Participant: 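Okay, here's the structure, questions in a sec.
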Amino acid sequence: GENVEQHPSTLSVQEGDSAVIKCTYSDSASNYFPWYKQELGKRPQLIIDIRSNVGEKKDQRIAVTLNKTAKHFSLHITETQPEDSAVYFCAALIINNAGNMLTFGGGTRLMVKP
Amino acid sequence: EPEVTQTPSHQVTQMGQEVILRCVPISNHLYFYWYRQILGQKVEFLVSFYNNEISEKSEIFDDQFSVERPDGSNFTLKIRSTKLEDSAMYFCASTLDNEQFFGPGTRLTVL
């Protein structure tokens with residue numbers, strides 16, 4: 001089955017700096033890669049996603065890059081703000097697989113210091 | 001904006017008791033999921049459900065677990081005889097295509 005590794009497990013940055021979180025996946029059939037933000041005690045919220053036919057996607061201060069050959073994808077947050085502090089999870093999924101199950105990475109606790 | 005809802009928000013039970021966690025997926029969604037998150041750990045897939053049957057399940061989803069869509073709106077997860085290690089946050093999710101929308105979760109505490 002799919003295995004998703006995520007690094008780092010914790011990341012502390014100064015407000016205004018950039019943050020980068022990296023994930024690798026094992027199943028080359030995976031073709032959809034969402035990123036979720038989870039605040040303490042809350043549900044995971046989708047913040048950005050990318051499909052395997054695209055190498056990069058950007059939404060304001062958030063961008064995701066995908067390297068299919070290396071089976072590697074990354075989340076980039078620029079101009080970080082204290083409200084970006086949360087746990088971020090990457091995930092991988094095979095579209096059109098019967099179960100469409102998400103396999104999550106281990107999570108990154110991002111702390112943005114004001 | 002429509003949301004996935006879950007009840008109860010917190011369930012406390014004695015070991016060996018049965019629990020039913022309830023979810024109302026977004027109304028036009030076709031695929032339904034249960035995930036589990038043990039405190040401080042990652043979200044883990046339990047089961048997916050489509051067209052009134054299980055389409056995939058993980059190793060965690062053993063004979064103690066079952067899912068049901070008893071009517072057109074509810075989607076339930078039953079744990080027949082709870083164990084201490086079942087204590088976790090249980091999230092329901094639903095999707096129409098790929099983007100999975102998560103419910104607020106039910107915190108299950110097994111004493």
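Residue numbers begin at 1 in each chain, while the letters A, B, ... track the order of the sequences. Note that the coordinates shown come from a computational prediction; the quantities given were computed from them, not determined experimentally.
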Participant: Please assess A:Phe104 against B:Phe45 for the test ring-ring contact (aromatic ring centres under 6.0 Å, His included), listing each intermediate value before the final yes or no.
Facilitator: CA-CA 8 Å; A:Phe104 283 84; B:Phe45 169 78; 9.9 Å; no
Participant: I need the minimum non-hydrogen distance between A:Phe89 and B:Gln37, along with the two atoms involved.
Facilitator: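 Scanning both residues, the minimum pair turns out to be CZ-NE2, 3.5 Å.
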Participant: Would you say B:Glu59 has more than 12 foreign heavy atoms packed within less than 6.0 Å of its CD?
Facilitator: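 Counting other residues, nucleotides and ligands, CD of B:Glu59 stays at 12 neighbours or fewer.
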Participant: Could you have a look at A:Pro34, A:Gly107, A:Gly106 and say which one has the most heavy-atom pairs with chain B under 4.5 angstrom?
Facilitator: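 Of A:Pro34, A:Gly107, A:Gly106, A:Gly106 has the most heavy-atom pairs under 4.5 Å with chain B.
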Participant: Counting only heavy atoms not in B:Asp62 (residues, nucleotides, ligands), do more than 12 fall under 6.0 Å from its CG?
Facilitator: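 More than 12 within 6.0 Å, yes.
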Participant: In terms of heavy-atom pairs under 4.5 Å, which option from B:Thr95, B:Val43, B:Leu39 contacts chain A the most?
Facilitator: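 Answer, by heavy-atom pair count under 4.5 Å with chain A: B:Val43.
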Participant: Determine whether more than 12 heavy atoms belonging to other residues, nucleotides or ligands lie under 6.0 Å from atom CE of B:Met15.
Facilitator: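 12 or below, so no.
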Participant: Output the option from A:Gly105, A:Gly1, A:Ala91, A:Gly41 having the highest count of non-hydrogen pairs under 4.5 Å with chain B.
Facilitator: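 Most pairs with chain B among the choices: A:Gly105.
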Participant: Ignoring hydrogens and geometry, is there a side-chain-to-backbone donor-acceptor pair from B:Tyr35 to A:Leu102 under 3.5 Å?
Facilitator: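 Yes; judged by distance alone, with no hydrogens or angles, the pair exists.
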Participant: Give the cluster check for A:Val54 versus A:Phe73: same hydrophobic cluster or not, with ILVMFWY residues linked at side-chain heavy-atom distances below 4.5 Å.
Facilitator: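 In one cluster: yes.
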Participant: Against chain A, work out which of B:Glu3, B:Lys57, B:Glu44 has the most heavy-atom pairs shorter than 4.5 Å and name it.
Facilitator: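 Of the candidates given, the most pairs with chain A belong to B:Glu3.
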Participant: Would you say B:Gln100 and A:Leu93 make side-chain contact, with heavy atoms under 4.5 Å?
Facilitator: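 With C-beta onward as the side chain, the pair touches.
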Participant: May I ask you to check whether over 12 heavy atoms, not counting those of A:Arg109, lie within 6.0 Å of atom CZ?
Facilitator: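 Counting other residues, nucleotides and ligands, CZ of A:Arg109 stays at 12 neighbours or fewer.
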Participant: Of the backbone (N, CA, C, O) and the side chain (C-beta and beyond), which part of A:Gln45 lies under 4.5 Å from a heavy atom of chain B, both, or neither?
Facilitator: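 Neither part.
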Participant: With hydrophobic residues grouped by side-chain heavy-atom distances under 4.5 Å, do A:Ile47 and A:Ile77 end up in a single group?
Facilitator: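 A:Ile47 clusters together with A:Ile77.
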Participant: If you measure from OG on A:Ser9 to NZ on B:Lys42, what distance do you get to the nearest 0.5 Å?
Facilitator: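 If we round to the nearest 0.5 Å, A:Ser9:OG and B:Lys42:NZ are 13.5 Å apart.
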Participant: Measure A:Arg51 against the heavy atoms of chain B and call it side chain, backbone, both or neither at under 4.5 Å.
Facilitator: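 Answer is side chain: those atoms of A:Arg51 sit under 4.5 Å from chain B.
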Participant: In Å, rounded to the nearest 0.5 Å, how long is the span from CG of B:Asn98 to CG of A:Asn31?
Facilitator: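 Here the interatomic distance stands at 8.0 Å.
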Participant: Measuring from atom CE of A:Met101 to atom OH of B:Tyr31, what distance do you get when rounded to the nearest 0.5 angstrom?
Facilitator: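 Result: 15.5 Å between the selected atoms.
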Participant: Could you state the interatomic distance from OH (A:Tyr32) to CG (B:Asp97), rounded to the nearest 0.5 Å?
Facilitator: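 Reported value, rounded in 0.5 Å steps: 7.5 Å.
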Participant: Rounded to the nearest 0.5 Å, what separation is found between the CZ atom of B:Phe102 and the CG atom of A:Leu46?
Facilitator: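 Here the rounded value is 9.5 Å.
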Participant: If you draw a 6.0 Å radius around NZ in A:Lys58, do more than 12 non-hydrogen atoms from other residues or ligands fall strictly inside?
Facilitator: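 At most 12 heavy atoms, drawn from other residues, nucleotides or ligands, come within 6.0 Å of this atom.
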Participant: Is the CG atom of A:Leu40 crowded by more than 12 outside heavy atoms at less than 6.0 Å?
Facilitator: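 No - once you tally the heavy atoms of other residues, nucleotides and ligands closer than 6.0 Å, there are 12 at most.
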Participant: Can you confirm whether A:Gln81 is buried at CD, in the sense that more than 12 heavy atoms of other residues, nucleotides or ligands lie under 6.0 Å from that atom?
Facilitator: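 More than 12 heavy atoms, drawn from other residues, nucleotides or ligands, come within 6.0 Å of this atom.
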Participant: Identify the two heavy atoms, one from B:Gly103 and one from A:Arg43, that lie closest to each other, and give their separation to 0.1 Å.
Facilitator: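 Scanning both residues completely, I find the closest heavy atoms to be O-CB, 3.0 Å.
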Participant: Hey, is CD on A:Gln60 packed in by over 12 heavy atoms from elsewhere, all under 6.0 Å?
Facilitator: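 At most 12 heavy atoms, drawn from other residues, nucleotides or ligands, come within 6.0 Å of this atom.
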